[in-house]
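Residue numbering restarts at 1 for every chain, and letters A, B, ... go by the order of the sequence lines.
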2 protein chains.
Amino acid sequence: MIRILVADDHTVVRESLVAALIASGECQVIAEAADGVAAVEQALLLRPNVAVVDISMPKLNGIEVVRRLAVEAPEVRSLVLTMHEEEEYVLHMVHAGASGYLVKHAPMAELITAVKTLAAGEVYFGPYVSRVLAMQVQRPGRSFDDPYGALSIREREVFHLVVDGMTTKEIARKLEISTKTAENHRSRILEKLGVRNTAELVRYAVRKHLLD
Amino acid sequence: MIRILVADDHTVVRESLVAALIASGECQVIAEAADGVAAVEQALLLRPNVAVVDISMPKLNGIEVVRRLAVEAPEVRSLVLTMHEEEEYVLHMVHAGASGYLVKHAPMAELITAVKTLAAGEVYFGPYVSRVLAMQVQRPGRSFDDPYGALSIREREVFHLVVDGMTTKEIARKLEISTKTAENHRSRILEKLGVRNTAELVRYAVRKHLLD
DNA sequence: CTAAACATGGGTGTTTACCCCCATCGAATC
DNA sequence: GATTCGATGGGGGTAAACACCCATGTTTAG
């Protein structure tokens, strides 16, 4: 029987996870934690086979929890469960010593599979994570697929003004360039970022956290 | 036996919720949905007693789902389940016609209680929501200027499609209306929300948390 | 029942967005 | 020194967005 620790600050979610894991009949949940500090304490005390850890938690986030467990209790395998698919998270978690990474969009069956895989001493990364890791190996140092980074200085200025809702004419006036130049920049930005129109451009900015 | 619909885009969470609800032995889950559109469809088709709805969902967010169910299937009681505690969410949801509001920090037992309360025809709002509502009653001045709420059902559909980056023509095709009608809706939306163009519209959606 | 709101679609413009070419000039790179 | 890249500007065109009108039915609310 696989002994599991579940750490998630949302009580409804955590207790549901516990119920689902138990219902699978393949494991037992020996501990729960609602924040990072409690998760580490429980793990060090009870030494579960697998620690299912959410990233966003009060007091101590999931990344820190994984890092500490990797050092202080290496036999406890960490399975990160999160809703974030951003590459930065993936790399951080793997670097911190996580043995598995699963997004919350994955089906429950995959969680069970991941838990069993980790308990068997293997690592489990879904197809998405594997792809990110592969890209990282192929092009070390640079983040994969970062069209924004391909924008020139000037193009980034224009980019932010467009996202702010300014028209081409207003942008041209503000930057003291011709309307045509601003328009050219605009087209080039759309092309480089692979979006079709202004709406998709703004959504791109939101997705990449380029606002505020 | 209480018949329940569970709508949450995170599959792990959704399936766990289902497992936990079933484990309680007091209800049966007759349907699941991974996005807002599917949630409305399922609810209209199967008419559950209670619809447990997450706020952040693709295609159609929880607020919209509640609003539509309140109109098209008033006998289906909506229980909003979210991690957001912001006042604006609470007011929006209640105004949209939700019969219950629960944060994910609440214990599972409270979810069961809430479900049973709603199934019995009562409303269930936790202490936090009640407090917010009380404050609202105490200062009934300008409730909350909500230009989005001034949009009609159809206009909201168009709104979300525009924010998703679709052109007028694509929207018309999807909704099976003429390009001109879609264009008219579009203009009216810009006017009602007080924005000048698509970029500002998307930013509005971001600011009001109307995405996902 | 009447008035208002809504969804639909059309007309007629102007403005803006977007695309594909092109050229020049300077700076950096090789 | 030659080449690439960035920023600048333009021509010419299509498509889309946007702003005003307007008219019908239908539904809804007072």
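An OP1 or OP2 oxygen of dA7(D) is reached within less than 4.0 angstrom by no side-chain nitrogen or oxygen of His185(A). One finds a side-chain N or O of Thr181(A) lying less than 4.0 angstrom from the OP1 or OP2 phosphate oxygen of dG9(D). Residue Ser152(B) has a polar side-chain atom (N or O) positioned under 4.0 Å from OP1 or OP2 of dA7(C). Using a 4.0 Å cut-off, no side-chain N or O of Thr167(A) falls inside it from OP1 or OP2 of dT16(C). Lys180(A) has no side-chain polar atom (N or O) that falls below the 4.0 Å cut-off from OP1 or OP2 of dG11(D). The phosphate of dT8(D) has OP1 or OP2 within less than 4.0 Å of a side-chain N or O from Arg154(A). Look at Lys169(B) and you won't find any side-chain N or O under 4.0 angstrom from OP1 or OP2 of dA15(D). A close approach under 4.0 Å does occur between a side-chain nitrogen or oxygen of Thr168(A) and OP1 or OP2 of dA17(C). Taking 4.0 angstrom as the limit, Thr198(B) places a side-chain polar atom (N or O) nearer than this to OP1 or OP2 of dC18(D).
Listed candidates were dG10(D), dC19(C), dA19(D). Nearest to the side chain of Ser178(A) is dG10(D). Picking from dA17(C), dT8(D), dA17(D) the nucleotide with the shortest atom distance to the side chain of Arg186(B) gives dA17(D).
Counting non-hydrogen atoms of neighbouring residues, nucleotides and ligands closer than 6.0 angstrom, the CZ atom of Arg154(B) exceeds 12 such neighbours.
The aromatic rings of His10(B) and His105(A) are tilted relative to each other, their planes meeting at an angle between 30° and 60°.
With sequence neighbours left out, Glu155(B) forms a side chain to side chain donor-acceptor pair (under 3.5 Å) with Ser152(B), Lys192(B).
The distance from atom CD of Glu200(A) to atom P of dA17(C) is 16 Å, rounded to the nearest whole Å. The interatomic distance linking Glu183(B) (CD) with dT8(C) (P) rounds to 15 Å, in whole Å. Between Glu176(A) atom CD and dT8(D) atom P the separation is 11 Å, expressed in whole Å. In this entry the distance linking CG of Leu190(B) with C1' of dA17(D) reads 9 Å, nearest Å. We find that CG of Leu175(B) is positioned 8 Å from P of dT8(C), with the value rounded to whole Å. Between the CD atom of Glu170(B) and the C1' atom of dA16(D) there is a distance of 11 Å, rounded to whole Å. Taking atom CZ of Arg188(B) as the reference point, atom C1' of dA19(D) lies 13 Å away to the nearest angstrom. Rounded to an integer number of Å, the gap from CD1 of Ile171(A) to P of dT16(C) is 12 Å.
Checking Asn184(B) against Ala182(A), the closest nucleotide of DNA chain D that is more toward the 5' end is the one next to Ala182(A).
Using a 4.0 Å cut-off between charged nitrogen and carboxylate oxygen, Arg67(B) and Glu64(B) count as a salt-bridge pair. For the pair Arg173(A) and Glu170(A), the salt-bridge criterion is not met [side-chain N within less than 4.0 Å of a carboxylate O]. Ion pair Asp54(A)/Lys104(A) flagged as a salt bridge, since at least one NZ, NE, NH1 or NH2 atom sits closer than 4.0 Å to an Asp/Glu carboxylate oxygen. Contact check on Glu200(A) versus Arg203(A) returns no salt bridge, with no Lys/Arg side-chain nitrogen under 4.0 Å from an Asp/Glu carboxylate oxygen.
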What protein N or O atoms touch nucleotides 23-26 of chain D N or O atoms at under 3.5 angstrom, if any, and at what distances?
none

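Residue-level contact check: Glu191(A) touches neither bases nor backbone, having no heavy atom under 4.0 Å from any strand.
A donor N or O paired with an acceptor N or O is not found under 3.5 Å between the base of dG6(D) and the side-chain atoms of Lys192(A).
Residues Arg68(B) and Glu157(B) have side chains in contact (heavy-atom distance under 4.5 Å, counting atoms from C-beta outward).
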